[in-house]
Amino acid sequence: MRFDQSQGKEDDISPPSIVKSLRAHFIGQNILYYPSISSTMSVAKEVAKAGAAEGTIVIAEEQTAGRGRLGRRWLSPKGSSILLSIILRPDIERLAQLGMVASVAVVRSIEKTSNLKPAIKWPNDILIDSKKVSGILIENLIEGGKVNVTIVGIGMNVKLDPSLFPDISSQATSLHIESARKISRREILLQLLEEFEQLYQELPQGEPIYEAWLGYMETLGKFIRVKWGDKIEQGYVESINPDGSLTLRRSDGSLLTLVAGEVTLTVDTGRIP
Ligand code: BTN
């Protein structure tokens, strides 16, 4: 497969190209666009602290210090990905559901713009054919028991060629690799903003985001290994819960509930419960 990193119209995610077709009414009304920055998370946090409106998005063609969960790096050669941070100021009770909103929005945006069928690996990795195509990072500033700001970061491999990165090449993929048809970075970003806005705005009405998230979850019922601090735990995934946690049944029958953000998870394939 050839990886054409040239920028056609369908790849143009600069504000003039996005604004004219934006279907979301609140997310993306204010767009900060950078050809290259350290991380959209850092810039979003700075502008949010300076008072940027909820719904402001920061997008970049390239990050020189993109970050993932648990202190990992997020790799993205220029023009290969969607690199997005969304500034939100939700009620504190909604925080546990934001990862669900983001991952369901990513899955639906891929489904609606391609022939692909993504799944979610707990807590919020988006996989196609068991390989990671998108990841979500949420960072909160909480003051006096209230959310000052939440930044939802989404990285999506659209044209990334994982073979360029030996560290991730066996676990990562991109939409271009998986899809029979060409995926437009612009179209998928527009769809993602629309899906995200709809799901986020439905949260206070108690819409069943948990059920939607669970419906795409491929981790339930699997045998997994988790790295939890210095410990390795393994067992059968008995439940994935409305607060976003995961309950593991160990081989001695005991239960362990894990919260996202603390663990690295490996799914053991080929074992029978
Ligand atoms: C993960 O799966 O570990 C989360 C990856 C999140 C990556 C995105 S890319 C846009 C935003 N800016 C960052 O530095 N990270 C997030």
Side-chain angles (χ1 to χ4, degrees), residues 13 18 27-28 31-48 52 55-88 98-107 109-110 118-128 130-141 149-160 162 165 167-175 185 188-189 192-193 196 213 216-219 226-227 244 246 258-267:
I13 55 166
I18 294 300
I27 304 285
I31 304 176
L32 303 175
Y33 168 83
Y34 297 84
S36 180
I37 47 169
S38 56
S39 158
T40 57
M41 300 305 279
S42 311
V43 173
K45 210 173 277 179
E46 261 170 51
V47 298
T56 298
I57 63 170
V58 180
I59 46 182
E61 297 289 349
E62 176 187 51
Q63 299 183 124
T64 52
R67 49 186 194 259
R69 288 176 61 236
L70 306 168
R72 299 197 191 100
R73 287 183 309 154
W74 185 261
L75 300 165
S76 50
K78 197 164 192 140
S80 68
S81 307
I82 288 173
L83 306 168
L84 164 74
S85 290
I86 306 173
I87 296 176
L88 298 170
L98 277 186
M100 300 178 193
V101 165
S103 49
V104 171
V106 169
V107 168
S109 66
I110 296 174
I120 300 173
K121 176 181 152 191
W122 185 85
N124 287 310
D125 284 353
I126 315 303
L127 309 183
I128 296 175
S130 304
K131 289 189 172 182
K132 184 160 168 173
V133 73
S134 174
I136 289 152
L137 177 67
I138 299 186
E139 296 180 347
N140 302 304
L141 283 178
V149 65
T150 294
I151 312 291
V152 177
I154 300 175
M156 207 191 288
N157 303 334
V158 181
K159 301 202 289 183
L160 178 86
F165 304 101
D167 288 1
I168 60 163
S169 58
S170 62
Q171 305 130 38
T173 191
S174 67
L175 297 177
R185 211 163 52 124
I188 201 160
L189 175 61
L192 175 61
L193 298 175
F196 190 99
W213 179 67
Y216 291 116
M217 185 62 65
E218 58 124 62
T219 315
V226 288
K227 191 162 173 286
L246 175 153
L258 301 160
V259 292
E262 290 178 2
V263 296
T264 310
L265 178 153
T266 313
V267 176

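Along the sequence shown, the residues carry numbers beginning at 1. When a ligand or atom number is given, it counts from 1 through the structure's own listing order.
For Asn140, the side-chain hydrogen bond (donor to acceptor under 3.5 Å, both in side chains) partners at least two apart in sequence or on another chain are Thr150. Residues that satisfy the salt bridge (charged side-chain N to carboxylate O under 4.0 Å, His left out) test with Lys131, not counting sequence neighbours, are absent from this structure.
Looking at Ser81, its side chain never comes within 3.5 Å of a backbone N or O of Val158 through a donor-acceptor pair.
Screening residues 33-43 for salt bridge (charged side-chain N to carboxylate O under 4.0 Å, His left out), with sequence neighbours left out, gives no hits.
Annotation: ligand 1 has protein neighbours Ser39, Thr40, Met41, Gln63, Gly66, Arg67, Gly68, Arg69, Trp74, Leu83, Leu84, Ser85, Asp125, Lys132, Gly135, Ile136, Leu137, Ile154, Gly155, each with a heavy atom less than 4.0 angstrom from the ligand.
Residues Glu62 and Tyr34 have side chains that never bring a donor and an acceptor to within less than 3.5 angstrom of each other.
Here the CG-CG distance, from Leu193 to Leu84, works out to 6.0 Å after rounding to the nearest 0.5 Å.
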